[in-house]
Q: 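Provided herewith is a single structure, encoded as structure tokens, for subsequent inquiry.
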Amino acid sequence: MLVSVTSVVSIRPFGSIFGAKIEDQSHPSVGVMIRVKASAKVMLGQPVVGDIWDVQGSLMATPAYGLQIDATKATRKMPTGKLITSFLASHAPGVGPERANALWQHFGLGLGTVLSDETNIPAIAAVIAPDRKNLAPQLAAACVQEWKEAEAQTRTLAWLDAQGIEDLSIARRVCQILGESAIERLIANPYCLVPLLAWKKVDPLAQKLLAEAGAESPSSDIRRLVGACDAVVKTHIKNGHTAGTLESLSSGLVNCLEVSVESALIGDAIAAGKRHGAILLVTENWWRAPGCAAMEDSVQQRLREICVSKSPVKFPKTKVIEQMLLDARAGGHPLHQEQREAVLKVVFSPLACLQGGAGVGKTTTAKVICDLWEQFGGNLVLTAIAGKAALRLSRSTGRLAMTLARLRMQLEERESIESRLDDDLTPPERKRAIAKLAKLAQINDCSMVLVDEASMLDLTNINALMRFMPDGARLVLVGDEAQLPPVGFGLIYHRLVSDVSITARLTVIHRQTEATGIPVVAAAVRDGVMPDLPQYSGPLDGVSILEHGGQGLQASIQKVWAQIRSANNLAPLIVTATNKGDAGVNALNALLHGIWHHGNALEEMKGHFGQWFSAGEPVVCLKNDYSTGLFNGLLGEVTRIEPDEGTLLAQFEGYDEPHRLGDLDLLDLQLAYAISCHRGQGSQAPVVIVPIYQSRMLDPSWLYTAITRAERQVVLIGSREVLADALAQPKAADRRMVGFTWN
């Protein structure tokens with residue numbers, strides 16, 4: 001049915017919620033106000049007040065929100081009649097209802113046709129603001145641009161639908177990337193869809209379009225060969241690589257082109273890919289992804305420049321610092337000699353890595369580094385990839401730390417404001433701009449930028465950070481090379497720590513006592529060695545294994561979880577390899593919620609997208625929210641639910657008081673009986689359960705990261721054979737093929 005947007009409640013990457021009025025004259029509830037909830041997968045575009053949408057799904061009455069529809073498909077429609085004025089007032093900057101109505105009064109039903117032609121801008125300007133000679137053409141141009149973009153989107157959607165492409169997320173990206181000329185560009189080279197669609201979907205459609213356009217041999221068309229190279233490069237980048245071997249390229253082309261490795265098409269495709277810039281051939285057996293290569297080379301050059309840059313911050317002689325470090329305290333204890341040596345190395349190095357495994361006191365050492373840098377006149381910029389790591393860094397150093405995404409946003413905003421200060425601003429405007437600058441992050445030649453959890457730093461993020469590093473600014477990367485590599489593509493930290501001239505290493509364990517045996521097992525796993533593991537015998541400190549033959553893994557996890565929960569009155573944290581499957585995050589959370597809810601006869605409350613919550617359940621935050629102080633990966637526990645109000649209270653780690661989370665907040669909350677290893681990076685729990693089952697994720701670095709989340713006890717549940725196979729795998733970082741080099 002057709003609805004008009006009356007209010008926007010929430011727009012998130014995974015979906016939107018908005019208020020609307022039913023406009024469909026054939027609908028029995030025409031004119032009635034409803035609430036629409038649509039996930040990003042079923043929605044093309046974002047709702048704006050005044051938009052007309054075609055929404056499919058069942059309309060149901062809810063106690064809290066009245067009539068609501070959970071959309072199965074939602075697409076924005078081009079408005080007709082007087083509804084065009086709502087569209088212009090909402091979308092075209094500076095127009096507003098009054099000027100939009102003036103256009104309707106003048107052009108009437110022909111307004112849509114007028115807006116479709118750029119040559120009508122003077123006529124539109126004469127109507128929209130006749131008394132503003134300079135402003136009127138800008139407003140008219142904005143109206144035409146917004147209308148044409150929406151019109152092109154609608155036209156593109158219809159064309160894609162006719163070609164059998166019904167995935168709205170793909171249609172959205174096509175419209176965003178290819179713009180108004182999307183259809184023409186797709187007809188000219190349908191393989192431009194490769195970045196957006198799986199090759200198996202692109203190739204049949206593209207060959208069909210090439211044949212319809214008169215191509216003599218679509219299967220060997222140069223556009224197909226280059227597209228196949230693009231598809232192989234795309235797969236490599238998706239898997240974290242920025243480069244590859246001739247063998248990996250040929251293997252990928254064989255799969256794409258469906259020919260044998262001896263086929264002449266393989267050589268033709270490689271030559272075409274090189275000629276058209278799909279690959280950058282470095283040697284006969286090594287190639288790089290061009291876009292990634294440009295970023296890697298830029299990062300390397302900037303890091304080299306940092307290494308030789310001079311900071312205005314002046315430190316006393318080494319002996320003076322050494323004496324200061326002898327008197328330094330961390331948590332009431334003197335620094336270990338290893339920590340003192342690490343501090344000295346870092347503060348005297350323009351580019352430094354602070355490398356150490358779990359529990360060796362990296363954050364303690366980082367605090368002392370920060371103290372010294374500020375003591376001698378420097379300023380600090382503290383950041384981390386994950387919000388949880390940034391929060392922990394803030395607490396451990398006593399200084400503000402923010403996510404790298406937020407830091408970039410503030411630095412970009414500062415850059416924009418500073419550029420406007422050169423313009424002819426009025427005194428009030430200049431005063432407001434200067435006041436805003438005072439609240440934004442800044443990196444200058446006296447800054448030390450410290451990045452925590454740097455092993456998670458991907459190429460895109462460090463490349464963006466380098467743009468804001470002026471001469472004299474220092475960079476300190478704190479991390480653990482044995483943990484999982486970045487989720488995104490590239491590998492920087494793992495390459496830099498091989499340089500002994502810039503790397504300080506911490507090896508002495510402080511957090512986990514030797515008595516637990518966790519450090520010994522973790523060290524063996526880190527090196528890919530099978531540890532000597534006793535059979536699980538109950539809630540005891542240390543690392544043990546509960547073996548089973550591949551059947552009943554979920555039941556075994558449930559049994560151990562319940563036993564430890566009962567004995568220790570705490571919920572063990574399950575760190576698992578996948579989201580799907582019997583031992584995956586989703587299934588285990590659903591299973592243990594059901595057991596907890598029914599076993600304790602507790603009331604439950606439904607969140608969003610199938611989530612249910614009861615008091616006493618572990619939860620994890622999925623989004624960084626500086627207004628509430630909650631960050632992605634932060635663990636907590638539900639203390640009370642309030643179904644009638646649609647809210648719950650959750651106590652998160654590190655906070656004295658619980659947070660009250662309402663309707664929209666629940667979009668970013670998930671049960672945390674089980675979490676993925678990536679989400680668990682940076683977290684600790686007294687007891688950790690690690691399911692061991694066949695998965696491409698399992699390797700020494702994954703197991704090391706999972707095991708080192710525990711403070712007292714780790715229970716591995718699975719077979720020793722699968723564990724041995726996982727330990728025999730190369731580490732995830734070692735499997736990455738990247739073009740970034742150091743030394």
Side-chain angles (χ1 to χ4, degrees), residues 189-211 215-297 458-460 485-492 494-495 694-699 725 728-741:
N189 181 11
Y191 286 96
C192 67
L193 281 173
V194 167
L196 308 177
L197 270 172
W199 174 261
K200 289 185 177 180
K201 289 187 177 180
V202 173
D203 194 36
L205 170 63
Q207 288 199 63
K208 169 190 159 192
L209 292 174
L210 289 179
E216 293 184 4
S217 179
S219 63
S220 58
D221 190 279
I222 191 72
R223 289 166 287 188
R224 182 174 187 245
L225 301 184
V226 174
C229 283
D230 286 333
V232 174
V233 171
K234 171 187 168 184
T235 300
H236 274 67
I237 294 173
K238 182 180 179 181
N239 291 330
H241 309 297
T242 63
T245 63
L246 183 63
E247 180 182 2
S248 69
L249 177 60
S250 298
S251 175
L253 289 171
V254 165
N255 290 332
C256 287
L257 300 176
E258 298 182 331
V259 295
S260 68
V261 71
E262 294 84 14
S263 171
L265 278 183
I266 301 300
D268 292 344
I270 294 172
K274 178 184 176 183
R275 190 165 62 250
H276 289 268
I279 56 172
L280 181 62
L281 206 57
V282 181
T283 68
E284 290 185 359
N285 193 44
W286 186 249
W287 57 271
R288 300 172 70 187
C292 296
M295 284 194 284
E296 287 174 330
D297 293 346
D458 60 22
L459 178 57
T460 301
V487 176
F489 58 87
L491 205 64
I492 304 297
H494 294 74
R495 293 291 185 264
Q694 293 287 353
S695 168
R696 63 181 182 82
M697 298 296 297
L698 261 64
D699 69 358
D725 288 344
Q729 299 299 317
K731 294 178 183 176
D734 294 339
R735 295 197 301 271
R736 286 211 175 176
M737 296 180 285
V738 298
F740 180 81
T741 57

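We number each residue from 1, following the sequence as shown.
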Q: List in chain and number order the residues that pass side chain to side chain contact (heavy atoms under 4.5 Å, CB included) with Ser248, two or more places apart in sequence or in another chain; answer none if no residue qualifies.
A: His236, Thr245, Trp287, Met737
Q: How long is the gap from CZ on Phe740 to OG1 on Thr242, to the nearest 0.5 Å?
A: 10.5 Å
Q: Just do the side-chain contact (heavy atoms from CB on, under 4.5 Å) check on Leu225 and Ser220 with the steps written out, would you?
A: CA-CA 7 Å; Leu225 301 184; Ser220 58; 5.5 Å; no
Q: Could you name each residue pair satisfying salt bridge (charged side-chain N to carboxylate O under 4.0 Å, His left out) that touches residues 286-296, not counting sequence neighbours?
A: Arg288-Glu296, Arg288-Asp297
Q: Identify, with sequence neighbours excluded, every residue that meets side chain to side chain donor-acceptor pair (under 3.5 Å) alongside Asn189.
A: none
Q: Would Thr460 and Phe489 count as a side-chain contact (heavy atoms from CB on, under 4.5 Å) if you check the C-alpha gap in whole Å, the side-chain angles of each, and the deciding distance to 0.1 Å?
A: CA-CA 8 Å; Thr460 301; Phe489 58 87; 3.3 Å; yes
Q: Please name the pair of heavy atoms, one in Leu459 and one in Cys292, separated by the smallest distance, quoted to 0.1 Å.
A: CD2-O, 3.7 Å
Q: Applying side-chain hydrogen bond (donor to acceptor under 3.5 Å, both in side chains), which residue pairs with at least one partner in residues 262-279 are found, sequence neighbours left out?
A: Ser260-Glu262
Q: Can you list the residues that meet the side chain to side chain donor-acceptor pair (under 3.5 Å) rule with Thr283, with sequence neighbours excluded?
A: none
Q: Roughly how far, to the nearest 0.5 Å, is CD1 of Ile266 from SG of Cys256?
A: 9.0 Å
Q: With sequence neighbours excluded, what pairs up with Asp699 under the side chain to side chain contact (heavy atoms under 4.5 Å, CB included) test?
A: Ser701, Trp702, Gln729, Ala732, Arg735
Q: Apply side chain to side chain donor-acceptor pair (under 3.5 Å) to Arg736 and list each qualifying residue two or more places apart in sequence or on a separate chain.
A: none
Q: Ring pair (Phe, Tyr, Trp, His ring centres under 6.0 Å) with Tyr191: which residues, sequence neighbours excluded?
A: Trp199
Q: Go through the structure and list residues passing side chain to side chain contact (heavy atoms under 4.5 Å, CB included) with Asp734, not counting sequence neighbours.
A: Lys731
Q: Of all the heavy-atom pairs spanning Leu265 and Ser219, show the shortest one and how long it is.
A: CD1-O, 4.2 Å
Q: Which salt bridge (charged side-chain N to carboxylate O under 4.0 Å, His left out) pairs, counting each pair once, include a residue from residues 224-249, with sequence neighbours left out?
A: Asp203-Arg224
Q: Taking side chain to side chain contact (heavy atoms under 4.5 Å, CB included) as the test, write out the residues that go with Gln694, two or more places apart.
A: Val722, Asp725
Q: For Leu491 and Ala733, which heavy atoms make the closest approach, and how far apart are they?
A: CD2-O, 3.4 Å
Q: Check ring pair (Phe, Tyr, Trp, His ring centres under 6.0 Å) between His494 and all other residues, then give those that pass, not counting sequence neighbours.
A: none
Q: Please report the interatomic distance CD1(Ile270) to CG(Leu246), rounded to the nearest 0.5 Å.
A: 5.0 Å
Q: If you look at every heavy atom in Pro190 and Leu210, which pair is closest and at what distance?
A: CD-CD2, 4.0 Å
